[in-house]
Every structure is written in C-alpha cells, then in structure tokens.
Amino acid sequence: MSALASSPVRPDSATPDAGLVIRALDAPFGAEVIGLDLSRPLADEDFARIHRAHLDHHVLVFRDQRITPAQQVAFSRRFGPLQIHVQKKFQLAGHPEVLVVSNIKENGEPIGLGDAGHFWHSDLSYKDKPSLGSLLHAQELPAEGGDTLFANQHAAYDALPEALKTTIAPLRAEHSYLAKYEELRARSPWRPKLTQAQLDEVKPVVHPIVRTHPETGRKALFVSEHFTTRIVDLPEDESAAVLAELFALAVKPQLQYRHPWQPNDMVFWDNRSVQHLAAGTPDHLRRKLYRTTIEGDVPY
Ligand code: SIN
C-alpha cells in the first residue's frame, strides 16, 4: 500500500489556501489577509495562521469577501460562541447573531443601529464576558466618510507615565451599556426605550482598568468613553479626573489605524487589544454593515 493510500483522510478537513498571505498595513498596527475566500470552509492550517495574525496585528482586513450572512456567522464561530446584541430590533432577519449597523431608513424606519460606534469603545465591555473580537462586513458604503478608527490599547498602556501605571494597577472600573444611552437617544432614532428584560441583560459590571490579554499575556488599557462610568475604588472627583486622563491617552493619534472601507471588506478586530470608533457618515449617504461578535473571557 502506498503512503498516500494509508494516510488518514478527514472528510471534514478543507484544503489550505496556497495563496494566503498576511501583510502588515502601512499603519501602526493591522494587517491585510490576501488570497483567502471566506465563503469556503476554512482549513485548520489557515485558521491557525489567521488566529496568530489576529493576536499579532489586532485588526485584520479581508478584501472583497462576497459572502452570505450565514458564511460570516460560520467563520466567526470558528473563534468562539457568538453574542446576541441587546438591540433585538436590529438583528438581521433569520440571523440573530448578526447586528445590522446602518444609517438607512426604509419606510421611515431605521433598518440598523445607525449610531453604533459613535463614542470610542470595546464591544460589549459592559458584559461579564466582553467580546473577544468583532467582525464587520461591508454591505453598502457611502461615497465619502464612514471610516472606522481603531486605537491600540497595548501601546496606550505601554506609553503611560510610570506613576500613572502604578496608580491604576489595582483599580477597577464600572462599565454600563446605559452610560451614554440617554444622550444618544435624545438625538437619534436608533435607541428605543429598553424593556425591563433588556435592562436585566445589561446590568453594570466591574472590570480591571488594566487587563491582561488571555492569549498573549500583554497588558492593555480597558476603559472607554462610551461604557466606563466610574472607578469604583476612588472617590467620585478623583475617579472622573483619572478617567478623563485615560480616555485621552488611550486614543492619541499615533495609536490609531483609520480604516477606509472598500466594497465587500470584512474587518476582524480584537476587542481585548483595541478600541474603535465610527468616524461618521454624512446623513444623506447610505451605509450598511453586518456585525458579529465573539464572546471572550472575564477580564483579569
Ligand atoms: C461598531 O462600533 O461596531 C460600529 C463601527 C462602525 O460602524 O464603523
């Protein structure tokens, strides 16, 4: 019997993509994944390379992915269980794991969450288990605007003054989905009044201000303008002063990568390593993306 005939064949294993290349972006971080078609089952070897690149580069850009929502869900699930967003109204029909991010209105009604990402944040940091990572797939893009900004929270932590690192080392902060809710609700059609069941889903949580990435061991700042309300270990005025300083230091321009979207881009970022912000889209232009989020660990 030849060696080939005797080697075990796993019927579910896909063939690795010979053309797969991971190329760092011309930016402080981030990489482009070239030559991978996410509509096909992902070979274990390719999964391992994507997983490694995600840890190393924090933001991965997959170009021209002509994939269905079900294929986005299947790819996302390779990295862990998916989280269902509290805004059920903006789930994609038939795909509760997909949140529609869009400023489009149909028959006067918004079809998606149009102000998602209006403030800097890490997705679902208001949960006990915040998101490991998120994937946004471009469906419809505006002719101008609509960029997404990312800020590297490992580099932000590393660059802090030593005295500030020492101050914040033992401190914990509260994160709340409701922190900016009323402010957003006052000026947008996207924030319906939450039901009691929804409020119960988003009770405030407390996380360390400096978290350790569970896979790389690197430290990162883990507070954000959108969801962090107070440092629970400090009096109110001190808490406000330290948070204001950290919010500013966390998103300095030199820590950022700005993503200008191209048609069918899929962007996959690590919420344990970066914060992000939607830079904004002119009201008269249409923008629609599909988002999936992968559940992560309890921060420590
Ligand atoms: C988000 O915060 O998930 C949305 C970001 C964006 O729309 O660019």
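Count residues from 1 along the sequence. Numbering of ligands and ligand atoms starts at 1, following listing order. Both backbone and side-chain heavy atoms feed into the values below; hydrogens, waters and symmetry mates do not. Just so we're clear, the structure is a prediction, and the values are computed from it rather than from any experiment.
The protein atom (non-hydrogen) at minimum distance from atom 7 (O) of ligand 1 is R287 NH1, 2.8 Å. Of all protein heavy atoms, the one lying nearest to atom 3 (O) of ligand 1 is R291 NH1, 2.8 Å.
Checked against side chain to side chain donor-acceptor pair (under 3.5 Å), Q198 has the following partners two or more places apart in sequence or in another chain: T195. Applying the side chain to side chain donor-acceptor pair (under 3.5 Å) test to N152 and every residue at least two apart in sequence or in another chain returns nothing.
In summary, the atoms of ligand 1 found under 4.0 Å from a heavy atom of G117, numbered by their order in the structure, are 2 (O). Interface atoms of ligand 1 facing H121, defined by a heavy-atom separation under 4.0 Å, are 2 (O). Those atoms of ligand 1 with a heavy atom of T148 less than 4.0 angstrom away are 6 (C), 8 (O). Short contacts between ligand 1 and H276, defined as distances under 4.0 Å to a heavy atom of the residue, involve ligand atoms 1 (C), 2 (O), 3 (O). Contact atoms of ligand 1 toward V101: 7 (O) (distance under 4.0 Å to a heavy atom of the residue). Close contacts between ligand 1 and A278 involve ligand atoms 6 (C), 7 (O), 8 (O) [criterion: under 4.0 Å to a heavy atom].
Under a hydrophobic-cluster definition in which Ile, Leu, Val, Met, Phe, Trp and Tyr are linked whenever side-chain heavy atoms come within less than 4.5 Å, directly or via other members, Y257 and L141 are assigned to the same cluster.
Here the rule is side chain to side chain contact (heavy atoms under 4.5 Å, CB included) with F62, and of I34, D37, I50 only I50 fits it. Of the options H259, H276, H54, H57, a ring-ring contact (aromatic ring centres under 6.0 Å, His included) to F268 is made by H54 and by none of the others.
Taking the charged nitrogens against the carboxylate oxygens, R78 and D44 do have a contact shorter than 4.0 Å, which makes a salt bridge.
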